[in-house]
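First the structure, in the form of structure tokens, and then the observations on it.
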Amino acid sequence: MRDSFVRVFGLALVLIALVAAPAFAQDPEPSDDEVNRIAKQLYCPVCPNTPLDVCSTQACAQWRATIREQLELGWNEDQIRQYFVEQYGDRVLATPPARGINWLIYVLPPVVIIVGGLLLLRTIRSWIGTNNGRLVQEELLPEKDVYVNQLEDELRRRESG
Amino acid sequence: MEKLSGIQENREFVEARETSRNWGTMLVWALVLGLLAILGLGLARAQEGPIGIGRNVPEFTLTTFDGEQLNINKSRGKVVLVNFWASWCKPCQQEAAELEEAYQNFKDRDVIFLGVDYVDTEKEALAYLEKFQITYANGPDLGTKISQAFRIRGVPETFIIDRNGIIVDIKIGPYTSLAEIENALQTALEQ
Amino acid sequence: MQSGLDFQPGPYIRRQDEYCQWLKGGFLNTFVVPNIGLFSLFLAFLVAIYAAVAAVFGVRQQNPKWIESGRAAMLLTFPLLSIACVALIFLLVTGRYEFKYVASVTSDTMPTYLRITSLWGGQAGSLLFWSWLMAAFTGAVGLRKWDRDREFLPWVILVTMGTLAFFLLLVVFIENPFARLWQSLDGSQIAAPFRPRGAVPLFPSDGIGLNPLLRHLGMIIHPPMLYLGFVSYVIPYAFAIAALATGRTDARWIKLTRRWSLVAWLFLSLGLILGGRWAYDVLGWGGYWGWDPVEIAALMPWLAGTAFLHSVMIQEKRGILKHWNMLLIILTYALVIFGTFLTRSGVLSSVHAFAQSAMGPLFLGFIGVTFISSVALLIHRWSDLKGENHLDSVISRESLFLLNNLLFMGILVICFWGVLFPLISELFTGQKVTVGPIFYKRATAPLWGGILLLMGIAPLSVYGRTSWQRLGSALWKPALAALIFEFILVVQGVRSIAALIGYGLAAFVAFVTLYEFWRGTKARRKRHKESFPTALWRMARRNRRRYGGYVIHLGIVLMAFGIIGIEMFQTETQATLAQGEQLTLGRYTMVFDSLSEWDTNEGRNVARAVVQIYREDKFLGELYPRRDFYYASQQSMTIPGVRSTLEDDFYVLLVGWEPIAAQGTTFKVYHNPLVNFIWMGGFVFILGTLVAAWPERESLPSRKRVSTRGALMRA
């Protein structure tokens, strides 16, 4: 059912593009750079993790040719991307579209980092004042580096003097 | 009295800590075991290979290049050969002519051939069908859904499904002869 | 990382009578050497198991004799595996193609040095190599003086030998490099160390040869470096587990393994940098890091290891964060194993030939045992690990270091989730998805920026408490210098906000670090009346860890400059040119001069173009981009022509998948600004790590001084 919709929609796009082509087509022969600009954002299932613009398989070469044809027809970037998604699935996109379970990939890391940050803050807060006044400067000194002390002395002298 | 309540408070504090620790422990175990489970399932999937012989054929609809909708469920009672191919696939060309020949020989005997075009571009695909004069139904694997359902590893791969919708034969790589295809179909028909 | 080649013998099979004839001449080579190798491999496996069992038994029985015996067994694994490695190298060098491994990674046309390095060019060999390295490291640990740390010994033996036994299990039973090729009765080809019933041995006359992509200096050194890094993390992990098991959870285990974790980190960093260089030189997409799952698998332990390196300093100085450090070292080691699992089990890409092997499930079992037992031990000892934590203010060195750890963990979470997510998506929805570089770049960029900022602030903070005022007075000069630098950049025409932030932060760190060096040297000069270089040298020597760390920070700054340069300002163009035609990219012009194509005698077809490079009409020189096609493996490789200066790289690729001819050849050209800062930074980075990790010859005087000072304090 969805496939048929996709198919019809794709056909409709092609038709619209065909009709609209003369109006949009400014450059009859798109340059390699224009093709690559779009190809860079796509991933062919035949060579996973390699962007389309640098993939050497025959399948990828055909994809690039398709992009070129579509550019000739005056399609814009979104239309072309949309076409590839309909033909080959979400996996052609460099990042999963943010819907369904895919939300997780965008939501989980920030949530973990924020929770981590809050835990960290709470931990540090809990350390402060657990030992009121016990921690005096002198106590810290032996543990510090000799040079830090010297440096600090230096600085203090310079600042006061 | 004051002292006592202080101890009481302390105990509550310790208990609160204990519970939060228990929750923490459980969370850690859940994470570790969850990760292991995901890895295990992922590994099982990776090792599974194509969908096996004796399994029900996954449900799919093939939209042919002519725009026709073919649902696999409607072909019950017939033997179906599903061939995954692509125009960029060199080994596919070795079997293309034989597949068409087998189709010609078997098409009147309750056998359906479906060609599923994997990760391909329409122009080259149509040229390929033209070149090998293929007449059976062919269509693109829209959204790579059919290939994912069959879990193919590459092209060509061919699945033969019997009258009851059970996969009875799998060929990884190209068929080497017409006889090989015909024998497989014959066996499926006789089952 | 792996070349998962399947060997197809083709028409080269010798007949059996011929084989008998041939045997008489080569009995030593075909039978004695490989069987010695196979035997010592198997023996090493048994010895490793024995060592682990004896150690545990010794603890149970309270009998040091058993533990000592376990230690002797542990020491024995290294020579045994050395014999196996030498035997395999012998087979590789002499071209014994009847062995599957030899046939899959070497061929007649390969030079000897490549045949030797093919030891780690394929799955089976690299597993053996990995085991050998691990045996070497554990051997070194076994030889140290254990007097003060007797109670750790059996646990260290158990962990290291358990791990080694697992890897040897894989080498012996799953991926045996000494497996021969046989033809079974039904005509199928099998590989087995011993003759299966009724099988006929196969003798291919040539092998497939190493994947051409791996025939690069970077790729020859890169895997051993990564393996060294991975393997050396087993030592701190083993000591951490020993500390947990014995309940001796003070900082002793950290002190004992400090150098090990630094060395592990050094090799891991080196491996990552070399991998980047290799990608830049060979893979032909103008970049150095593609956020491929295999790369991320190696980055993840580095991230955890870096966090560990910082947070152990806090434990050593202040006795806090005991939980966290345990957790981090366990995490680091778990990620080492996890990364190896991801890249070798085929769980990520089901297209690989070895996906079907039994290695995956075994590896999963090993991961399960490691994770579960480590976590269980950690939870068991959780309450013993309590430290006395107290601070006077929120901003202190401790909290800044913890913030640094949070950021590293954040990047780790992003990487981990990005690698795992396609797997989860496929499992739950049946649909594959791609998580490309753009995801990682966008998600981690702010965190890297935060790390840079901390690199600038943290070195100036003090343990316990730091007031804003204090921090401000230490920071304002470098911050001002960084602002002036920003201003210069804006005047120079840099408009990208992200780049300005990045460069500003990097410059800030650089100024802070240099200022620290300068302040320290000045203070020393004043006190000891030394010349500037002497003072700098002695100061750095007196506190190697600190100043080595600063040098590492400077290396990171240089790398950051390069990374921001190429990430933000890389430009590229592609065009098909006929001879004499030209293309322009920015200020550069490239003219296609000529093209030649020839076959080499080692089975390779080379197409080499000559192009001339001009910048604003000034001739800069010629470049020779190349496309090598290997007949045997049917693989091609594009080697860029690069004009490299400090300012930028002009990187020309001969596009291998388009026709290459004089009348029309496609070139892909990249302009990579500042990319050489990455490699320079890499050098500085490694140098800094060496400074920090170099063994101290004399630690006595400094200890004495501390103690007299301590006495003074008391008095």
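None of these values were measured; they are calculated from a predicted model. A, B, ... follow the sequence lines: proteins, then strands. Residue 1 opens every chain.
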- Where at least one partner belongs to residues 95-115 of chain A, residue pairs that pass side-chain hydrogen bond (donor to acceptor under 3.5 Å, both in side chains), sequence neighbours excluded: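 Every pair satisfying side-chain hydrogen bond (donor to acceptor under 3.5 Å, both in side chains) with a residue in residues 95-115 of chain A: A:Asp90-A:Arg99.
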- Item | Exam field: side chain A:Tyr88 to backbone B:Tyr118, donor-acceptor pair closer than 3.5 Å |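 Not at all, since once roles are kept as given, no pair shorter than 3.5 Å links the two residues.
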Exercise: identify the closest heavy-atom pair between [X] and [Y]:
X        : Y        : answer
B:Leu142 : A:Glu86  : CD2-O, 3.9 Å
A:Pro45  : B:Thr144 : CG-CG2, 4.4 Å
B:Val119 : A:Ala59  : O-CB, 4.3 Å

Output for pair (B:Lys123 NZ, A:Thr66 OG1), nearest 0.5 Å, gives 7.5 Å
>> Can you confirm whether more than 12 heavy atoms, excluding those of A:Lys40, are under 6.0 Å from its NZ atom?
In response: yes
For A:Gln58, the side chain to side chain donor-acceptor pair (under 3.5 Å) test, sequence neighbours excluded, returns none
Those residues at least two apart in sequence (or on a different chain) that pass side chain to side chain donor-acceptor pair (under 3.5 Å) with A:Asp78 are A:Arg81
Notebook entry, point to check: Between A:Arg91 and B:Gln148, does a side chain to side chain contact (heavy atoms under 4.5 Å, CB included) hold up when you go through it step by step?
Noted result: CA-CA 12 Å; A:Arg91 62 205 279 201; B:Gln148 288 188 61; 3.4 Å; yes
- Message: Can you list the residues of residues 167-189 of chain B that sit under 4.5 Å from chain A, counting heavy atoms only?
- Response: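 The residues closer than 4.5 Å to chain A amount to none at all.
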Bottom line for B:Asp120: the part with an atom under 4.5 Å from chain A's heavy atoms is both
Give the intermediate values and the outcome of side chain to side chain contact (heavy atoms under 4.5 Å, CB included) for residues B:Thr121 and A:Trp63. CA-CA 7 Å; B:Thr121 42; A:Trp63 280 34; 4.0 Å; yes
